[in-house]
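Lettering follows sequence order; numbering is per chain, from 1. In what follows, every heavy atom counts, from backbone to side chain, and hydrogens, waters and symmetry copies are set aside.
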Protein chains: 2
Amino acid sequence: MPKPGAPLSRERVLRAAVAIADAGGIGGLTMRSLADALGVKPMSLYHHVANKDEILDGIVDVVFSRMELPTPGGDWRHEMVKRANSARAVLRRHPWAIGLLESRTAPGPATLRHHDATIGTLRRAGFPLALTAHVHALLDSYVYGFAVQEAALPFSGPDSVTEVTEDILEHLSPDDYPHLVEIATGHVLRPGYDFADEFEFGLGVVLDAVAGLLADVSPGS
Amino acid sequence: MPKPGAPLSRERVLRAAVAIADAGGIGGLTMRSLADALGVKPMSLYHHVANKDEILDGIVDVVFSRMELPTPGGDWRHEMVKRANSARAVLRRHPWAIGLLESRTAPGPATLRHHDATIGTLRRAGFPLALTAHVHALLDSYVYGFAVQEAALPFSGPDSVTEVTEDILEHLSPDDYPHLVEIATGHVLRPGYDFADEFEFGLGVVLDAVAGLLADVSPGS
DNA sequence: TGACAGGCTCGTACTTAGTACGGTACCGTC
DNA sequence: GACGGTACCGTACTAAGTACGAGCCTGTCA
């Protein structure tokens, strides 16, 4: 879809890169496919980004920019739920971003802003400094790890679960993996099952525990 | 390091692939570098694996095979701690595996065995089926997500923390990111800080919460 | 024992990817 | 109307995945 009218820019390049990765995975994102999508030749891209690595750093930051920020000063639990749900939804739309997180150590401004807002919200709610760091690491671990698992699922929504799970079960011997088979037949194949529901559950458990930690430290709130 | 003596095999290929990825990241793992390491020409590899994708699937399973399995029948909390610590340690040694988890949907036998043992341990300890699924998703999320964060750290151990953090702080304006700066100066730069310690903390919080869930369900234990 | 078959290895070459190098067209300024 | 900078492009080099077919080694059966 070449758009000859608009001039190229770093923003346009990154936006197009995100769109390509969404459509065909990170593997589909090449300097040539990106140039094609922008109606341009590959080498033109290098006037707006230094190299492909910078594009990868850039699109990770674009992904962070699409997550809703928590608001320091609001009810901390509500803000953390809002942030976690938004982050998970965004990572689900851009699953390739999770793999990039691991290899990128140069966070962009949106990434920094995101973490700053999260930490700020906890601090404002009365979490002591060290506990804030602990809780931040804990919540981020949960969100990222859930996204990893969700991306690795062979099915992508509640619709295809039954079909895919039955296919997998045919290749899983109950002798070799009795408990996996039990979970698949007795839990996953139940009507109404949706892995996404696990997110709310786990998040609630974690936040309850965190609330307990806060209460121990500042009994007055 | 060519080893002309031993014959090629799928196992040897995968082991060498893991070693190369450990040394130079996933980017350093090419059919040519792999062949070189085995003292062989690239095309010889294709008699033991179908293609590079199968190698990637294979090394993920190798990584899982190196994690300590929980023992069904043992004290569930102790087994979960053992498994989580082992999994995190392994993922820290092979950080490239985290990125692969997201793109691989064909789990190998070691991966299946790992999950089966984990689920089995929870079931044997009295966790009902649905709660087992919830808890399994929760614990795996925490472990994977922590590994993601650990891999994305700009420093790799407690030794380089101070130096690297000070470098970063020079580029972080306290006006733009006040809470990040506060955490960095007031927590990270404290002597004795080690991000790895966050793991134990968060794991304890999660397991305490899980123990509460189990107690609610089977008050008799 | 000699011929054959099957499997392992390799040489060559094709395709796709990232990107260095230099050219060109357009634009505003003096 | 000459000049310089910016954005874009054509070409080409290198690295990587892998298809194709040829050589070699080994074990088997006549």
Side-chain angles (χ1 to χ4, degrees), chain A residues 1-60 62 96-97 99-100 103-106, chain B residues 1-62 96-97 99-100 102-106:
Chain A
M1 49 182 111
K3 299 173 186 172
L8 226 46
S9 73
R10 185 187 152 90
E11 303 315 312
R12 251 168 61 76
V13 168
L14 292 183
R15 249 202 305 278
V18 168
I20 291 178
D22 287 346
I26 277 286
L29 174 62
T30 71
M31 298 306 275
R32 292 168 216 266
S33 68
L34 183 51
D36 272 359
L38 290 163
V40 131
K41 300 294 174 185
M43 287 314 292
S44 303
L45 303 172
Y46 287 90
H47 277 265
H48 303 276
V49 293
N51 49 38
K52 189 173 179 180
D53 246 40
E54 194 179 299
I55 292 180
L56 296 180
D57 281 336
I59 59 179
V60 168
V62 168
W96 42 265
L100 287 185
S103 56
R104 311 278 115 198
T105 51
Chain B
M1 48 179 111
K3 301 173 185 171
L8 227 45
S9 74
R10 186 186 153 89
E11 303 315 312
R12 253 168 59 76
V13 168
L14 292 183
R15 248 201 306 279
V18 169
I20 291 177
D22 287 346
I26 276 287
L29 174 62
T30 71
M31 298 305 275
R32 291 168 218 265
S33 68
L34 183 51
D36 272 358
L38 289 163
V40 132
K41 300 294 171 184
M43 288 314 292
S44 303
L45 302 172
Y46 287 87
H47 276 265
H48 303 276
V49 293
N51 49 38
K52 189 173 179 181
D53 246 39
E54 196 179 299
I55 293 180
L56 297 180
D57 280 337
I59 58 177
V60 168
D61 206 51
V62 168
W96 42 265
L100 287 184
E102 165 258 322
S103 57
R104 310 280 115 196
T105 51

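The interatomic distance linking Asp36(A) (CG) with dC9(D) (P) rounds to 11 Å, in whole Å. If you take CZ of Arg12(B) and C1' of dC8(C), they are 14 Å apart, rounded to a whole angstrom.
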Given protein heavy atoms under 4.0 Å, the one-letter contact record of nucleotides 17-24 of chain C, with B base, S sugar-phosphate only and - none, is simply BBBBB---
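The backbone N or O of Leu56(A) sits nowhere less than 3.5 Å from a side-chain atom of Asp53(A) that would complete a donor-acceptor pair. In terms of modelled atom types and a separation under 3.5 Å, the side chain of Asp57(A) and the main chain of Val60(A) share no donor-acceptor contact.
Contact annotation: Ser44(B) side-chain N/O to dC10(C) OP1/OP2 distance is under 4.0 Å.
What you find for Val40(A) and Ser44(A) is that their closest heavy atoms are CG1-CB, 3.5 Å.
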Side-chain donor-acceptor pairs of residues 13-28 of chain A under 3.5 Å, sequence neighbours excluded:
unit_1: Asp22(A); atom_1: OD1; unit_2: His94(A); atom_2: ND1; d: 2.7
unit_1: Asp22(A); atom_1: OD1; unit_2: Trp96(A); atom_2: NE1; d: 2.8
unit_1: Asp22(A); atom_1: OD2; unit_2: His94(A); atom_2: ND1; d: 3.0

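When the side-chain hydrogen bond (donor to acceptor under 3.5 Å, both in side chains) test is applied to Glu11(A), no partner is found at least two apart in sequence or on another chain.
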